[in-house]
Amino acid sequence: MILDDNPPQTQSKFFNLDEIAQGVYVAIAIKEKGVIGNAGIIDLGNRTLVFDTFETPIISEDLRIASEKKTSQSAEFVINSHSHPDHWFGNQVFSNTAVFISSQDAFSSMTPYIEEVREDKENPAELEEEVRSLLNQFDTESDEIKRQQLAVSIARWQLYLNSLSDLELKLPDQTFKGNLKIHGNLRSVEIFDSGHVHTPGDVCLGLPREKILFIGDIGFFNEQPYMEDSNPSNWKAFLNELRNSEYNFFVPGHGPIGTKENLRQMVEYIELLETLVSDAVNQGKHMKSILEQDLPEPFATWTLGSSRLEVNCKIMFDQYLESK
Ligand SMILES: [Zn+2]
């Protein structure tokens, strides 16, 4: 294993590329540049596989160059972990050489974005106005953490706007249910549909020999997860399953590569919200009372995505009501 403390090699201004095992690379997003989701490159020997493609072709082009430089061949497979744009809107740069694969349920959630992007292309003024409004908020915001979050959002939307005229969404060519193995002459990988966890049909990719699992947005390490499209109880159960699995290293969709300790913290976060929501309901308090209190450590320092707390509480509230 090459998992150690060596500083990652910077191959792109958008991500840090780090070789975590021989021929296995993670591209960790540089948030200050407006890039939020991670990606991966896996050398199967006689073929190359890419896991997720970032949010725009501008970013993904750097991933394509890195994959060709590191594996000396074009990507033959692109796996899309789920439907959120920051993981597959960069697909098109691999179109000439790759077959695109996702789960059936992820595919179904991806198709409505074709219409959304068409509308954005027709009316970019709305997005431009949104960016201007964020810039105004940035100028007047005094809270440093909120300013950092606004800066990430502004950079992200600007990248998207700059890509919009060239953006051609590329949907997966093949879908699967259950699991699938892809074989190369150096290694094989297992991909499987995890069910409705972060989104319907989240795909994980495992390298059993190296004990590495790419988990897409089932993993948000050191930041608050985005739970809007999730099933929180499935999410908690699946994280606990992974904690009992043979895998030791987890590549998240957001944040640095982690271990079972990071999975444990995520379970703890979901359990904390479950408790806060059920207490608020039982005490007849408004949901806002949760947002007014400071979260305990380590969550107090999960400042990235802290604006997600409100969305997450709402999801947990709906789940709580459904369980009654
Ligand atoms: Zn996501």
Side-chain angles (χ1 to χ4, degrees), residues 14-15 26-31 34-40 50-56 59-60 63 78-91 100-114 116-117 149 152-153 156-157 159-160 169-172 175 191-205 213-236 238-239 242 250-258 262-263 266-267 269-270 273 302 304-312 314-316 319:
F14 299 120
F15 54 80
V26 291
I28 301 288
I30 299 176
K31 296 202 166 59
V35 186
I36 60 167
N38 299 329
V50 165
F51 186 83
D52 280 344
T53 60
F54 295 111
E55 192 160 34
T56 69
I59 313 167
S60 193
L63 186 68
V78 169
I79 311 298
N80 289 135
S81 65
H82 67 294
S83 58
H84 288 157
D86 50 322
H87 298 267
W88 70 279
F89 273 25
N91 274 2
F100 296 78
I101 301 171
S102 78
S103 70
Q104 181 57 46
D105 287 343
F107 180 89
S108 301
S109 306
M110 291 158 100
T111 50
Y113 284 103
I114 300 279
E116 280 192 29
V117 168
Q149 293 199 352
V152 172
S153 294
R156 183 183 176 195
W157 283 115
L159 272 176
Y160 179 68
L169 291 194
K170 172 74 187 85
L171 286 167
T175 59
I191 60 177
F192 55 92
D193 178 347
S194 315
H196 187 178
V197 182
H198 165 73
T199 57
D202 292 300
V203 173
C204 291
L205 180 147
L213 189 66
F214 286 74
I215 57 175
D217 279 6
I218 292 167
F220 281 75
F221 295 161
N222 303 341
E223 68 179 88
Q224 295 199 38
Y226 175 69
M227 299 179 76
E228 176 124 44
D229 302 318
S230 75
N231 180 314
S233 62
N234 285 357
W235 202 339
K236 187 171 86 169
F238 189 70
L239 288 165
L242 293 183
F250 300 91
V251 181
H254 298 266
I257 185 166
N262 298 83
L263 303 181
M266 287 190 69
V267 170
Y269 174 87
I270 294 172
L273 293 203
W302 287 11
L304 252 165
S306 58
S307 56
R308 293 177 189 142
L309 185 60
E310 192 169 355
V311 169
N312 294 351
K314 166 88 177 64
I315 296 292
M316 302 299 290
Q319 179 182 272

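Counting starts at 1 for both ligands and their atoms, following the listed order.
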Discussion item. Apply side chain to side chain contact (heavy atoms under 4.5 Å, CB included) to residues Leu171 and Phe107 and explain how you reach the verdict.
Written reply: CA-CA 7 Å; Leu171 286 167; Phe107 180 89; 4.0 Å; yes

Item to complete: Would you please indicate if the ring centroids of Phe54 and Phe15 are separated by under 6.0 Å?
Response: yes

Item to complete: May I ask you to check whether Tyr113 and Phe89 place their ring centers less than 6.0 Å from one another?
Response: yes

Practice prompt. Quick one: sort the His198 and Trp235 rings into parallel, tilted or perpendicular, breaks at 30° and 60°.
Written response: perpendicular

Worksheet item: Centres of the His254 and His84 rings: under 6.0 Å?
Response: no

Fill in: Pair Arg308 + Glu228, salt bridge at N-O below 4.0 Å
no

Discussion item. So, at under 2.8 Å, which protein N, O or S atoms would a careful student list around the Zn ion (ligand 1)?
Written reply: His82 NE2, His84 ND1, His198 NE2, Asp217 OD2

